[in-house]
Amino acid sequence: MTASAAPLRLGVLGLGSVFTGPYSNIIQQLTLEGRVRLTAVYDVEPGKTAAVAARFPGVATPSGPDELIDSGDVDVVLVLTSMNEHGPLATQARAAGKHVLVEKPMATSIAEADELLAVDAAHDGLLVCAPHVVLSPTYRRIHDAVGRGEIGRLVLARARYGWAGPWWGDWFYRAGGGALFDLGVYNLTTLCGLFGPVRRVAAMVGTAIPQRMSEGRLIDNTSDDNAHVLLDFGDQRFANVMTGFTIQKYRSPAVELYGTDGVLQMLGDDWAPEGFEQWRTEREVWEVHPETEPTWPWTSGLRHLVDCAETGRPTITRPEHARHALEVMLAARRSADEGRFVDVVSDFPALIYPDHVADDGHGRRKHDPRTS
Ligand SMILES: NC(=O)c1ccc[n+]([C@@H]2O[C@H](COP(=O)([O-])OP(=O)(O)OC[C@H]3O[C@@H](n4cnc5c(N)ncnc54)[C@H](O)[C@@H]3O)[C@@H](O)[C@H]2O)c1
């Protein structure tokens with residue numbers, strides 16, 4: 001990967017809620033820093049494209065995804081569409097040699113995810129897959145603490161993320177949507193980054209609220225909105241993920257990690273952490289670690305992509321990690337349908353943060369929770 005110096009030119013596919021607020025904010029910040037330029041936008045709803053073009057004077061409005069992806073004035077394609085479009089659009093953009101940021105999940109089927117990975121491997125450029133939870137400063141500190149063995153061997157965990165559910169975008173309640181893909185994916189990415197790959201899954205995944213208000217009218221909900229997923233990481237290490245568009249509010253930690261010598265709890269949500277609390281049995285006291293970057297935005301994968309494109313460094317986040325999370329979610333749905341454990345076979349590389357020592361002299365990565 002060669003480093004780039006000129007501002008990266010961004011093209012965005014999908015101009016809905018995440019573009020309008022969160023991604024626009026980080027694009028504007030990176031623009032002020034002279035590192036990116038928004039050059040092209042497209043949404044299948046012409047009104048959305050026109051509104052964004054009015055807000056960002058000079059931005060091109062190609063006639064469709066093909067024209068945006070093939071544009072010589074686009075270096076990075078952001079795929080911020082509904083989920084069914086993620087895999088095909090990200091694959092097309094990587095095949096055109098563009099850097100790609102794709103929202104979660106990276107695809108809605110294993111076949112699409114595998115095609116994306118194959119095309120990615122065959123072309124120059126970066127692929128950054130949301131969610132970007134492992135990039136947060138708090139996650140890094142937790143990963144480091146667990147990897148150092150501060151709570152002993154990690155053996156058990158509980159994670160939860162949910163809310164009442166979207167009132168926009170009917171697709172959230174159709175095939176290729178659902179709470180597991182939309183919300184559970186955060187917790188799964190978080191836990192797998194700490195435990196390593198899941199080896200088998202048992203789950204209950206259902207539709208608790210069969211009709212929903214969306215875009216101001218009542219629609220049938222034909223996707224999942226309520227899930228409880230049991231994860232077996234092997235070696236008697238277990239976790240569960242509770243997620244749904246069925247959770248009105250909560251005041252408990254997002255993630256609880258239980259080790260043989262202590263406990264670590266992430267406060268807030270894994271996509272918006274608020275620091276962590278740690279109990280070390282030898283110290284017999286709860287230590288509170290306040291959030292160091294309360295304004296860390298969950299869109300930071302874009303900043304990370306720009307950093308890596310500028311420096312030529314590899315990304316910390318790895319597409320294989322996203323692909324594994326997808327396999328786990330599909331296994332969870334299958335487990336729920338068939339009422340049995342479902343094996344998960346894929347692996348993914350351990351997270352390597354540049355400030356971590358690569359090797360402890362015994363062939364083990366220092367600070368890797370998976371090998372501690
Ligand atoms: N809303 C959130 O809080 C949130 C947070 C994090 C991530 N995400 C993810 O971001 C993505 C978008 O979510 P959203 O809430 O913005 O949804 P949304 O429905 O508001 O926006 C999606 C947009 O994509 C457009 N679109 C669909 N097919 C397209 C195509 N082929 N080409 C171009 N545009 C197309 C739709 O017209 C729509 O405007 C989803 O994958 C979601 O999981 C959402």
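Both counts, for ligands and for their atoms, begin at 1 and track the order of listing. FYI, the numbering just counts along the sequence from 1.
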Notebook entry, point to check: Identify the closest protein heavy atom to atom 4 (C) of ligand 1: which residue and atom is it, and at what distance?
Noted result: Val18 CG1, 3.1 Å

Margin query: Please work out, at 4.0 Å between heavy atoms, whether the side chain, the backbone, both, or neither of Tyr186 comes within that distance of ligand 1.
Written below: side chain

Note to self: Just to be sure I'm reading this right: ignoring hydrogens, which of Pro46, Gly14, Ser17 gets closest to atom 14 (P) of ligand 1? Compare them by their nearest heavy atoms.
What the structure shows: Ser17

Next item on the list: Apply the side chain to side chain contact (heavy atoms under 4.5 Å, CB included) test between Arg94 and each candidate in Leu116, Ile69, Val102, Val77; give the one that qualifies.
Entry: Leu116

Notebook entry, point to check: Of the backbone atoms (N, CA, C, O) and the side-chain heavy atoms from C-beta on, which set of Tyr23 has a member under 4.0 Å from an atom of ligand 1: side chain, backbone, both, or neither?
Noted result: neither

Check: How far is atom 32 (N) of ligand 1 from its nearest protein heavy atom, and which residue and atom is that?
Finding: Tyr42 CE2, 3.6 Å

Next item on the list: Kindly identify the option in Glu103, Met106, Lys104 whose heavy atom sits closest to atom 43 (O) of ligand 1.
Entry: Lys104

Note to self: Residue-level breakdown please: for Asp182 versus ligand 1, do any non-hydrogen atoms fall below 4.0 Å on the side chain, on the backbone, on both, or on neither?
What the structure shows: side chain

Next item on the list: State which residues pass ring pair (Phe, Tyr, Trp, His ring centres under 6.0 Å) with Phe276; sequence neighbours excluded, sorted by chain then number.
Entry: His289

Margin query: Regarding Arg212 and Asp225, does a basic nitrogen lie under 4.0 Å from an acidic carboxylate oxygen?
Written below: yes

Note to self: I'd like to know if Asp307 and Arg35 make a salt bridge, using a cut-off of under 4.0 Å between side-chain N and carboxylate O.
What the structure shows: yes

Item checked: His86: ring pair (Phe, Tyr, Trp, His ring centres under 6.0 Å) partners, not counting sequence neighbours -> none

